[in-house]
Amino acid sequence: MPQIAIPRGTALLEHPALNKDTAFTPEERVALGLDGLLPPVVETLEQQSRRCYMAFGRKQDDLERHIYLRALQDTDETLFYRLLLDHVEEMLPIVYTPVVAQACAEFSHIYRRPRGLFIAYPLRNRIRELLANRPRSEVDVIVVTDGERILGIGDQGVGGMGIPIGKLSLYSLIGGIHPTRTLPIVLDVGTNNAARLEDPEYLGWRHERVTGQSYFDFIDQFVTAVKAQMPNTLLQWEDFATPHARPILERYRDELLTFNDDIQGTAAVALGAISAGIKVAGAAMREQQVVFLGAGSAAIGVADYICAAMVADGLAQEEARRRFWIVDRDGLLHSGRTDLTPEQRRYAQPEECIASWRRAGPGNVMLGDVIANIAASILIGLSTAGGAFTETIVREMARKVRRPIIFPLSNPTEKSEAVPADLIRWTEARALIATGSPFPPVEFGNRRIPIAQCNNVFIFPAVGLGVIASGASRVTDQMLLAAGRALGEQTPALGGLDAPLLPAIRDLRRTAVEVAIAVGADAQRQGLAPASTVDNLRRSVVGRQWEPTYDAFRSK
């Protein structure tokens, strides 16, 4: 445990990083002034976890369960993480996606205690002072959001704080980053969500969003303050809108230890699952024809990583890009469109290639037209358009390829482009599926088919662990590509007909170790981390992975 001054009496019981509640031993109770403040029975951490699980089970809905877990985190962090580890498959969706989306929407209504830092635009000239007010000076990981693009529910303003809190819980739960060395931050630049602005209980700055150069100047003030006070801290950008996400990443990626999880983490986990699917299908990466619904920063990030894998498999860069068919609300990205960003334009198909295509109707080339005219082997949804992968589209895809790879990745659940049960039924269980939100196994005939959740939780906690354990000075796309490849190598799908593409949630911590080692090793290969042997790197990674157990201590 990091060095923390140990208070006495009620102050100790109110310190979530140090509190053991009924697990304080008789000797500790005497030494720390706790006698009389606790029931006489001394419990083990395991007994406490069982009692908390019973209380969790009495909650009536998922939001109440989320509130209960957050309250436990604010009371006894070690017990919180022990409970989550004991029931990780059940509780991961509660503490993070999909329930965290509802928690963000209701943030001002369910707010109990502060956690992290709220940096509001009116205080922009005091950011260094605000950072200095952080709970603890030593920080390994920051997750920061401006609340504009929260999962699939959009602008939540200050309510976006639920995302950094949730993400950092997973850094500790899975990556083993000590919870006292994490810092959630929300940059409150206002909100354009009328419902939030009109809500009398809204806790954020009541102002329309700051835009343009003023916005980017504010971001620069924040980064400058972080570099001055925490120069070696990993800074993860989370849920920034498309017009801001990539420019911010490109602006600062060479100045500090930073990455964007929506762009790079999503890309890495998708690459891992796709690599696994391609192995199961008995195909090669360079042979794939990839269709996307959605052309935002996350979709382009996934395309970039798959494209890089195709190049590594022998294709020229331009040849690889011609294998991508990306569709947004205005149709297929093609060279005749004048509304594309530079990142989107890289994947624009030559307009002459689609001139003779048969189409379902006049106007733009839409998803159904693309599927009708090519033999798509991979279909990825990052559009938040619930149900967009229709029966007609899926059956047409499956008619042309033996094992279609179909990933409806949008969150939360109601935004998913398809329901796995439908995909399995429409393809006679030939589809290889991963989703963005958790779905239960699908019964098909006498088979029970589990559904892999293509969740960034497989990547970002391991990236943090690998970066910290190796002493890396930067985070690069090559390191994230290494993470994706390492994840793909952990697939259980090659071991059985109905095994999922990604490892089981219960194996997340073990998987994180292997992914972290790959990240650290790649940092070393690039000269961004001190050189060491593989065995030494593994020892460093395993040694850094904190376990939620109580420490014995005495009053000084």
Side-chain angles (χ1 to χ4, degrees), residues 63 66-67 69-71 73-74 95-135 142-169 182-226 235-245 248 260-262 384 411-412:
L63 184 59
H66 179 95
I67 294 169
L69 291 176
R70 288 292 170 231
Q73 184 181 20
D74 288 335
V95 77
Y96 197 60
T97 181
V99 180
V100 73
Q102 186 181 3
C104 288
E106 297 288 343
F107 181 84
S108 296
H109 300 154
I110 65 174
Y111 177 85
R112 297 293 187 275
R113 292 182 61 178
R115 177 172 283 271
L117 292 178
F118 298 82
I119 300 178
Y121 185 78
L123 302 179
R124 60 192 176 278
N125 294 323
R126 297 175 53 203
I127 294 179
R128 292 196 183 198
E129 178 185 340
L130 302 185
L131 286 181
N133 288 340
R134 61 190 182 272
I142 293 170
V143 175
V144 62
T145 187
D146 70 352
E148 186 169 9
R149 193 203 62 84
I150 298 300
L151 298 172
I153 63 172
D155 186 354
Q156 299 302 317
V158 79
M161 176 57 108
I163 295 296
I165 292 172
K167 286 279 186 178
L168 288 167
S169 297
T182 66
L183 180 62
I185 297 178
V186 63
L187 301 177
D188 185 1
V189 293
T191 178
N192 293 335
N193 186 325
R196 300 292 165 266
L197 292 173
E198 294 168 4
D199 182 354
E201 295 186 29
Y202 180 61
L203 292 171
W205 181 43
R206 292 179 186 275
H207 196 282
E208 291 183 354
R209 279 191 170 270
V210 175
T211 59
Q213 192 57 47
S214 296
Y215 173 88
F216 285 107
D217 288 345
F218 178 62
I219 296 295
D220 199 62
Q221 287 176 287
F222 167 68
V223 172
T224 299
V226 170
L235 175 63
Q236 176 182 314
W237 305 93
E238 189 68 35
D239 284 353
F240 285 75
T242 297
H244 298 147
I248 289 173
N260 183 299
D261 186 49
D262 301 300
T384 68
N411 285 311

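A 4.5 Å side-chain heavy-atom check between Ile110 and Leu63 finds at least one atom pair inside the cut-off. Residues Asn260 and Ile248 form no side-chain contact, since every pair of their non-hydrogen atoms from C-beta on lies 4.5 Å or further apart. A 4.5 Å side-chain heavy-atom check between Val144 and Leu235 finds at least one atom pair inside the cut-off. Residues Val158 and Phe118 meet the side-chain proximity criterion, which asks for heavy atoms closer than 4.5 Å. The shortest distance between side-chain heavy atoms of Ile185 and Pro164 does not fall below 4.5 Å. For the pair Thr145/Met161, no side-chain contact is recorded, criterion being any heavy-atom separation below 4.5 Å from C-beta on. Pro184 places none of its side-chain heavy atoms less than 4.5 Å from the side chain of Val143. In this structure, Leu187 and Phe218 have side chains that are in contact, with non-hydrogen atoms separated by less than 4.5 Å.
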Next on the checklist: Is there a side-chain contact (heavy atoms from CB on, under 4.5 Å) between Ile219 and Trp237? Walk through the geometry before answering.
Outcome noted: CA-CA 11 Å; Ile219 296 295; Trp237 305 93; 4.0 Å; yes
Checklist entry - side-chain contact (heavy atoms from CB on, under 4.5 Å) between Leu183 and Leu117: does it pass, once the steps are laid out? => result CA-CA 8 Å; Leu183 180 62; Leu117 292 178; 4.1 Å; yes
Item to check | Thr191 vs Tyr202, side-chain contact (heavy atoms from CB on, under 4.5 Å): CA-CA, chis, key distance, verdict | outcome: CA-CA 11 Å; Thr191 178; Tyr202 180 61; 3.8 Å; yes
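In this structure, OH on Tyr215 lies 6.5 Å from CD on Glu148, to the nearest 0.5 angstrom. Atom-to-atom distance recorded for Arg124:CZ and Leu130:CG is 12.5 Å, nearest 0.5 angstrom. In this structure, Thr97 OG1 and Leu151 CG are separated by 5.5 Å, a value rounded to the nearest 0.5 Å. Rounding to the nearest 0.5 angstrom, the gap separating the CD1 atom in Ile163 from the SG atom in Cys104 is 4.0 Å. The CD1 atom of Ile142 sits 10.0 Å away from atom OG1 of Thr182, with the distance rounded to the nearest 0.5 Å. In this structure, the separation between CD on Gln102 and NE2 on His66 is 9.5 Å, given to the nearest 0.5 Å.
With hydrogens and angles ignored, the 3.5 Å screen pairs no side-chain donor or acceptor of Tyr111 with any backbone N or O of Gly159. Ser169 contributes a side-chain N or O that, together with a main-chain N or O of Ile165, makes up a donor-acceptor pair within less than 3.5 Å. Between the side chain of Arg128 and the backbone N or O of Val226, no donor-acceptor pair lies under 3.5 Å.
Qualifying salt bridge (charged side-chain N to carboxylate O under 4.0 Å, His left out) partners for Asp188, counting only residues two or more places apart in sequence or in other chains: none. For Arg126, the salt bridge (charged side-chain N to carboxylate O under 4.0 Å, His left out) test picks out Glu129, with sequence neighbours left out. For the salt bridge (charged side-chain N to carboxylate O under 4.0 Å, His left out) test, residues two or more places apart in sequence or in another chain that qualify with Asp220 are Arg251.
Using a cutoff of 4.0 Å between basic side-chain nitrogens and carboxylate oxygens, Asp74 and Arg112 are not scored as salt-bridged. Between Arg209 and Asp146 there is a salt bridge, with a side-chain nitrogen of the basic residue lying less than 4.0 Å from a carboxylate oxygen of the acidic one.
When all heavy atoms are compared, the tightest approach of Ala105 to Gln156 is CA-OE1, 3.4 Å. Contact between Arg206 and Arg196 at its shortest, heavy atoms only, is NH1-O, 3.9 Å. The nearest pair of heavy atoms linking Asn411 to Thr384 is O-CG2, 4.3 Å. The shortest heavy-atom contact between Phe240 and Asp262 is N-OD2, 4.1 Å. Taking all atoms of both residues into account, the shortest heavy-atom contact from Ser108 to Leu203 is OG-N, 3.0 Å. The two residues Ile150 and Gly160 have their closest heavy-atom pair at CD1-CA, 3.7 Å.
A ring-centre distance under 6.0 Å is not found for Tyr121 and His207.
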